[in-house]
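Below: one structure, written as structure tokens.
Predicted model, so just to flag it, every value in this text is computed and none were measured.
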Amino acid sequence: MDNYRLGIFYGLGAYLLWGVLPIYWKLLQHVEAMEILANRFLWSAVFVFLLLLATGKLNIFMQETKAIFSTKKTACCMVLAAIMISFNWGIFIWAVEAGRIVETSMGYYISPLMNVLFWRSISA
């Protein structure tokens, strides 16, 4: 499959997931939002570690991570980006549980745009 078709496939998959995720979070209404967020962090880290291990790219990942954190400015930007993504996930889960699905979806789509604008203003 060429890159163009693969990109279309991945894009459609992402939009499908973004459309279905609020239903999933709503089904988990009885679980605290912070507990869901903590599990999301943990299992994402486990999955990525196993994926890197299976593809043989763990050493490359470690080298890239060292390079990122060798520069104070880049490290601060990465930590700030991680914090913003964490807030994004946490607020999204909490808002869906609170019945604010439409508002949450709008914010979820706007958030990456704001992250890019924020990143460009810092790196300029």
Just how far is it from atom OG1 of T65 to atom CD1 of I68, taken to the nearest 0.5 Å? 5.5 Å

Is I23 linked to L28 within one hydrophobic cluster, defined over Ile, Leu, Val, Met, Phe, Trp and Tyr using a side-chain heavy-atom separation of less than 4.5 Å? no

Is any side-chain heavy atom of L6 less than 4.5 Å from a side-chain heavy atom of D2? no

Scan residues 46-64 for pairs that pass side-chain hydrogen bond (donor to acceptor under 3.5 Å, both in side chains), counting only residues two or more places apart or in two chains. none

Rounding to 0.5 Å, atoms NZ (K72) and SG (C77) come to a distance of 12.0 Å

Are M84 and M78 connected in the hydrophobic side-chain network, where two residues link if heavy atoms are under 4.5 Å apart? no

Just jot down the side chain to side chain contact (heavy atoms under 4.5 Å, CB included) partners of I83, sequence neighbours excluded, or say none. V79, F87

If you count heavy atoms of other groups shown closer than 6.0 angstrom to CZ of F69, is the number above 12? yes

Side-chain cluster (under 4.5 Å, hydrophobic types only) that L16 belongs to, other residues: V20

So if you build clusters from Ile, Leu, Val, Met, Phe, Trp, Tyr with side-chain heavy-atom gaps below 4.5 Å, do L42 and V31 land together? no

If you group Ile, Leu, Val, Met, Phe, Trp and Tyr by side-chain heavy-atom gaps below 4.5 Å, do L53 and M62 land in one group? yes

What distance separates E35 CD from H30 NE2, expressed to the nearest 0.5 Å? 8.5 Å

Co-members of the apolar cluster containing Y4 [side chain, <4.5 Å]: I8, L12

Donor-acceptor pairs under 3.5 angstrom involving side-chain atoms of residues 92-99: please list them, not counting sequence neighbours.
none

Could you list who else is in I60's hydrophobic cluster, with ILVMFWY side chains joined at under 4.5 Å, directly or through other members? none

With Q29, which residues qualify under side chain to side chain contact (heavy atoms under 4.5 Å, CB included), at least two apart? K26

Residue pairs passing the ring-ring contact (aromatic ring centres under 6.0 Å, His included) test with at least one member in residues 39-59, sequence neighbours excluded, are F41-W89

